[in-house]
Trainee: 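Below you will find the structure I want to go over with you.
These figures come from a predicted structure and were not determined experimentally.
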Amino acid sequence: MHSRIWTGLITSFFLVSAPAQEPHYKFTTGYYSSTGGGLPHDQGVDLNVRRASTTGNAWLAWYRSPVQDVSQPRLGWDNQFELTSHWRLQPSMQIASGGFLGGSIYAETGKHWVAGAGLGRTNLRPYVNLNFDPNDAWTAAAGYRWNSQQSLLLQVVRDNRNNPDQQNMHMIYRMPLPEGHRVVIDVTHKSGTVDDQFIRKSGLSIAYDWPTVFVHVAYDPYVNFTPQKMWRASVGTRF
């Protein structure tokens with residue numbers, strides 16, 4: 001997969017603002033299945049553990065695909081800084097085996113009506129991209145936040161380095177439900193050149209949270225701007 005890490009940071013800010021009593025740790029197991037495009041059926045598993053603290057979110061992950069004989073551990077950090085009552089800044093950093101280095105910076109303003117912009121950069125070393133947006137890219141976002149648990153966001157992530165016509169547009173709705181349940185719906189529209197053909201395709205992901213466990217399923221055509229389509233599923237727990 002291509003060297004990209006970008007979108008996970010921004011969606012986390014708009015969509016998973018945690019209640020004050022939420023557990024500090026989160027453990028996730030993800031399964032990824034890619035088919036089509038005249039390429040072999042690929043399957044992979046990723047394990048990810050994350051810890052939230054006053055110094056930010058630190059996480060450690062490991063991806064393995066026996067079909068491609070790919071194995072890559074990764075380590076990352078991100079945090080959110082309240083600069084003023086209406087300005088927030090969110091940096092991230094990530095390293096992975098094989099010499100990969102990446103980072104991003106994102107700024108947002110507003111209380112209920114919000115808007116933001118950011119930039120991501122890597123050293124272009126091989127990297128397993130499980131966030132599925134361009135990483136060497138600029139990002140623009142705008143939306144409305146009713147409260148810390150409910151928001152509607154429109155987000156554009158566009159490559160501005162190697163493939164400047166590749167772009168993902170997300171419309172993400174996050175809604176609280178009774179008894180501490182939550183749902184996140186992400187409708188994605190992607191456009192760009194794949195194997196000398198300009199494509200336009202849409203995908204969908206749905207995440208459902210209980211107070212301590214969660215599930216996430218997604219369908220992603222032309223995943224990471226390759227000829228393949230991907231189904232993915234993840235389950236996890238907070239503790």
Side-chain angles (χ1 to χ4, degrees), residues 1-16 18 23-32 34 42-81 88-108 116-139 141 155 157-164 166 168 170 216 218 220 223-226 230 232 234 236-239:
M1 295 185 185
H2 303 292
S3 57
R4 296 170 177 167
I5 63 170
W6 173 244
T7 191
L9 171 60
I10 295 177
T11 54
S12 71
F13 178 70
F14 274 91
L15 300 177
V16 293
H24 292 296
Y25 289 91
K26 182 170 75 171
F27 177 73
T28 307
T29 301
Y31 170 75
Y32 306 86
S34 300
D42 184 29
Q43 301 178 71
V45 174
D46 189 68
L47 305 177
N48 184 304
V49 61
R50 176 183 294 260
R51 184 181 189 277
S53 70
T54 56
T55 59
N57 302 304
W59 55 267
L60 177 65
W62 177 74
Y63 176 84
R64 172 64 177 162
S65 170
V67 176
Q68 292 189 352
D69 193 27
V70 171
S71 179
Q72 187 173 52
R74 313 181 309 284
L75 179 67
W77 170 89
D78 62 79
N79 202 358
Q80 177 184 311
F81 298 97
R88 295 162 291 276
L89 187 68
Q90 203 170 26
S92 79
M93 297 182 294
Q94 188 171 137
I95 62 174
S97 62
F100 174 85
L101 296 172
S104 65
I105 189 74
Y106 177 77
E108 184 198 72
L119 181 70
R121 275 293 178 266
T122 76
N123 63 355
L124 298 178
R125 299 295 292 272
Y127 176 72
V128 176
N129 172 30
L130 300 183
N131 291 318
F132 309 103
D133 277 339
N135 202 24
D136 289 276
W138 59 259
T139 296
Q155 174 183 295
V157 185
R158 189 177 183 92
D159 192 305
N160 68 349
R161 194 171 186 183
N162 291 332
N163 304 284
Q166 293 181 353
N168 283 352
H170 299 267
H216 181 196
D220 192 354
V223 60
N224 286 327
F225 291 96
T226 70
M230 174 181 281
R232 50 185 182 265
S234 60
T237 182
R238 299 178 179 87
F239 56 97

Trainee: Do N79 and Q90 make a side-chain contact, defined as non-hydrogen atoms from C-beta onward lying under 4.5 Å apart?
Mentor: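 Of all side-chain heavy-atom pairs linking Q90 with N79, none is under 4.5 Å.
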Trainee: Report the residues that fulfil side chain to side chain donor-acceptor pair (under 3.5 Å) with S71, sequence neighbours left out, ordered by chain and then residue number.
Mentor: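 For S71 the side chain to side chain donor-acceptor pair (under 3.5 Å) partners, ignoring immediate neighbours, are W62.
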Trainee: Identify the heavy atoms of A61 and N48 that sit nearest to each other, and give their distance.
Mentor: CB-ND2, 3.6 Å
Trainee: Pick out which of V128, L130, V45 makes a side chain to side chain contact (heavy atoms under 4.5 Å, CB included) with Y32.
Mentor: L130
Trainee: Write out all pairs satisfying salt bridge (Lys or Arg N to Asp or Glu O under 4.0 Å) with one or both partners inside residues 60-71, taking only residues at least two apart or from two chains.
Mentor: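 Non-adjacent pairs meeting salt bridge (Lys or Arg N to Asp or Glu O under 4.0 Å): R64-D69.
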Trainee: Within the side chain of D78, is there an N or O that forms a donor-acceptor pair under 3.5 Å with the backbone of G56?
Mentor: no
Trainee: With R161, which residues qualify under salt bridge (charged side-chain N to carboxylate O under 4.0 Å, His left out), at least two apart?
Mentor: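 With neighbours one apart ignored, the set is D136.
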Trainee: Closest heavy-atom contact between Y106 and A141?
Mentor: OH-CB, 3.6 Å
Trainee: Taking the side chain from Q72 and the backbone from S97, do they hold a donor-acceptor pair closer than 3.5 Å?
Mentor: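 Yes, because the side chain of Q72 sits within donor-acceptor range (under 3.5 Å) of the backbone of S97.
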Trainee: State the CG-OG distance between N135 and S104, to the nearest 0.5 angstrom.
Mentor: 7.5 Å
Trainee: Does the side chain of P91 reach to within under 4.5 Å of the side chain of F81, using non-hydrogen atoms?
Mentor: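 Touching, per the 4.5 Å side-chain cut-off.
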Trainee: Without hydrogens or angle criteria, can the side chains of Q43 and Y31 be said to hold a donor-acceptor pair below 3.5 Å?
Mentor: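 Checked: Q43/Y31 side chains pair up, N/O donor to acceptor below 3.5 Å.
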Trainee: Tell me, please, which residues at least two apart from S65 pass side chain to side chain donor-acceptor pair (under 3.5 Å).
Mentor: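 Scan of S65 (side chain to side chain donor-acceptor pair (under 3.5 Å), adjacent residues dropped) gives D42.
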Trainee: After noting the C-alpha distance and the side-chain angles of N57 and H24, does the key distance pass the side-chain contact (heavy atoms from CB on, under 4.5 Å) rule?
Mentor: CA-CA 9 Å; N57 302 304; H24 292 296; over 6 Å; no
Trainee: Keeping W59 on the side-chain end and K26 on the backbone end, is there a donor-acceptor pair under 3.5 Å?
Mentor: no
Trainee: Assess R232 against F132: is NZ or CZ under 6.0 Å from the centre of the six-membered ring, and within 45 degrees of the ring's axis?
Mentor: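 So R232 does make the cation-pi contact.
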Trainee: Checking the side chain of N224 only, and the main-chain atoms of T226 only, is there a donor and an acceptor separated by less than 3.5 Å?
Mentor: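 Judged by distance alone, no pair lies under 3.5 Å.
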Trainee: N131 and N129: which non-hydrogen atoms are nearest, and at how many Å?
Mentor: N-OD1, 3.0 Å
Trainee: Can T122 and F100 be said to form a side-chain contact (heavy atoms from CB on, under 4.5 Å), step by step?
Mentor: CA-CA 7 Å; T122 76; F100 174 85; 3.7 Å; yes
Trainee: Would a 4.5 Å heavy-atom cut-off, applied to side chains only, mark L89 and I105 as touching?
Mentor: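 A side-chain contact under 4.5 Å exists here.
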Trainee: For S234 and T28, test the side chains for any donor-to-acceptor distance below 3.5 angstrom and give the result as yes or no.
Mentor: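 No, no side-chain donor-acceptor contact under 3.5 Å.
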Trainee: Please enumerate all residues that pass salt bridge (charged side-chain N to carboxylate O under 4.0 Å, His left out) together with D46, with sequence neighbours excluded.
Mentor: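 Testing D46 for salt bridge (charged side-chain N to carboxylate O under 4.0 Å, His left out), a comparison that skips the adjacent residues, returns R74.
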Trainee: Side chain to side chain donor-acceptor pair (under 3.5 Å) with T54: which residues, sequence neighbours excluded?
Mentor: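 Expected list: none.
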Trainee: Under the side-chain contact (heavy atoms from CB on, under 4.5 Å) criterion, do N168 and F225 qualify, and how do the steps go?
Mentor: CA-CA 10 Å; N168 283 352; F225 291 96; 3.4 Å; yes
Trainee: Mind checking whether F27 and L47 have side chains closer than 4.5 Å, heavy atoms only?
Mentor: yes
Trainee: Residues in salt bridge (charged side-chain N to carboxylate O under 4.0 Å, His left out) with R158, at least two apart?
Mentor: none
Trainee: What's the separation between atom CD1 in I95 and atom CG in L101, rounded to the nearest 0.5 Å?
Mentor: 7.0 Å
Trainee: Could you tell me which residues satisfy ring pair (Phe, Tyr, Trp, His ring centres under 6.0 Å) with Y25, sequence neighbours excluded, listed by chain and number?
Mentor: F239
Trainee: Enter the distance from W77:CH2 to R50:CZ here, rounded to the nearest 0.5 Å.
Mentor: 12.0 Å
Trainee: Quick one: does D133's side chain get under 4.5 Å of Q166's, heavy atoms only?
Mentor: no
